[in-house]
Amino acid sequence: MKALYAGSFDPITNGHLDIIKQAASIFEIVAIVVASNPKKAATGMFSLEERQQLIVQACIEAGLDKNTTRGKSHTVCVCPDRLIVDFAQQIEANILIRGLRAVSDFDTEFQMVQFNRKIKPGMNTVFFMPDERYFYLSSSAVREIYNMGGNISEFVPKCVDGTLRNRKL
Ligand code: ADP
């Protein structure tokens with residue numbers, strides 16, 4: 001079965017990676033889709049293409065490249081400006097993956113499931129909860145810490161930390 005995991009991934013965090021690992025242990029193909037979110041665009045850290053490359057690198061670093069999980073493969077792509085459910089249908093994915101952190105995620109996620117069901121009957125959403133270390137981790141917190149000169153290395157994959165360190169040089 002093919003599943004789609006969409007997000008801003010700006011940048012990919014260890015929390016996202018935890019969800020990808022869990023999904024890859026269940027679904028044959030997990031398409032990781034970088035979607036531009038107009039609400040978050042103004043505070044962007046990486047371009048859509050950079051985010052995509054960092055996800056590929058992070059998955060390799062985590063040993064999630066081809067044939068290492070139950071999943072036959074994962075793919076990473078950028079979503080064109082359209083609804084995720086339409087894009088999912090185009091790439092023949094019928095499961096949407098979402099991560100559930102603290103209870104605060106629940107309300108928005110619940111609404112999104114209802115909307116997506118209305119727009120595209122048959123499209124199901126599967127939620128994964130991250131390890132407790134990542135319950136309060138978000139890309140926006142990482143951006144904030146980084147912008148204030150803090151150390152983000154324990155929150156993000158090595159490639160993200162390395163890329164940002166090189167930027168400072
Ligand atoms: P963020 O909210 O960090 O900006 P995204 O918009 O990229 O992240 O979120 C994409 C999906 O990943 C959402 O379902 C979100 O709940 C989930 N997610 C984000 N951070 C985490 C985390 N630390 N643990 C589990 N799921 C997460």
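Whatever order the structure lists ligands and atoms in, that order sets their numbers, starting from 1. Just so you know, these numbers come straight off a predicted model, no measurement behind them.
Between Ser138 and ligand 1, a contact under 3.5 Å exists for no N or O pair. Distances between N or O atoms of Tyr134 and those of ligand 1 include at least one value under 3.5 Å.
Only the side chain of Arg101 comes within 4.0 Å of ligand 1, counting heavy atoms alone; its backbone N, CA, C and O stay farther away. Contact annotation for Tyr5 and ligand 1: only side-chain heavy atoms (C-beta onward) come within less than 4.0 Å of the ligand. Residue-level proximity to ligand 1 for Met129 is absent, since no heavy atom of it falls below 4.0 angstrom. With a 4.0 Å cut-off on non-hydrogen atoms, Asp18 does not touch ligand 1 at all. Under 4.0 Å from ligand 1, the heavy atoms of Ile19 that appear belong solely to its side chain.
Looking only at distances, no side-chain donor or acceptor of Arg98 sits under 3.5 Å from a matching main-chain atom of Thr125. For Glu109 (side chain) and Phe106 (main-chain N/O), no donor-acceptor pair under 3.5 Å exists by modelled atom type.
Applying side chain to side chain contact (heavy atoms under 4.5 Å, CB included) to Thr13 and the options Leu137, Ile152, Val160 leaves one that passes, Leu137. Results of the side chain to side chain donor-acceptor pair (under 3.5 Å) test with Asp18 over Lys21, Gln22, His16 single out Gln22 as the only residue that passes. Applying the side chain to side chain contact (heavy atoms under 4.5 Å, CB included) test between Phe46 and each of Leu54, Ile12, Val34 identifies Leu54 as the sole match.
Atoms of ligand 1 found under 4.0 Å from any heavy atom of Phe9, numbered from 1 in the order shown, are 7 (O). Annotation for ligand 1: atoms under 4.0 Å from non-hydrogen atoms of Leu137 are 20 (N), 21 (C), 22 (C), 23 (N). If you number the atoms of ligand 1 from 1 as listed, the ones under 4.0 Å from a heavy atom of Gly7 come out as 7 (O), 10 (C). Each of the following atoms of ligand 1 lies closer than 4.0 Å to a heavy atom of Asp105: 16 (O).
Heavy atoms of Ala141 stay at 4.0 angstrom or farther from ligand 1.
Rounded to the nearest 0.5 Å, atoms CZ (Arg117) and CG (Leu96) are 11.0 Å apart. Atom-to-atom distance recorded for Glu92:CD and Gln90:CD is 9.5 Å, nearest 0.5 angstrom. A distance of 8.0 Å separates CG of Leu17 from OH of Tyr134, quoted to the nearest 0.5 Å. Rounding to the nearest 0.5 Å places CZ of Arg165 at 11.0 Å from NZ of Lys158.
The option from Gly99, Ser139, Pro130 that lies nearest to atom 14 (O) of ligand 1, judged by heavy atoms, is Gly99.
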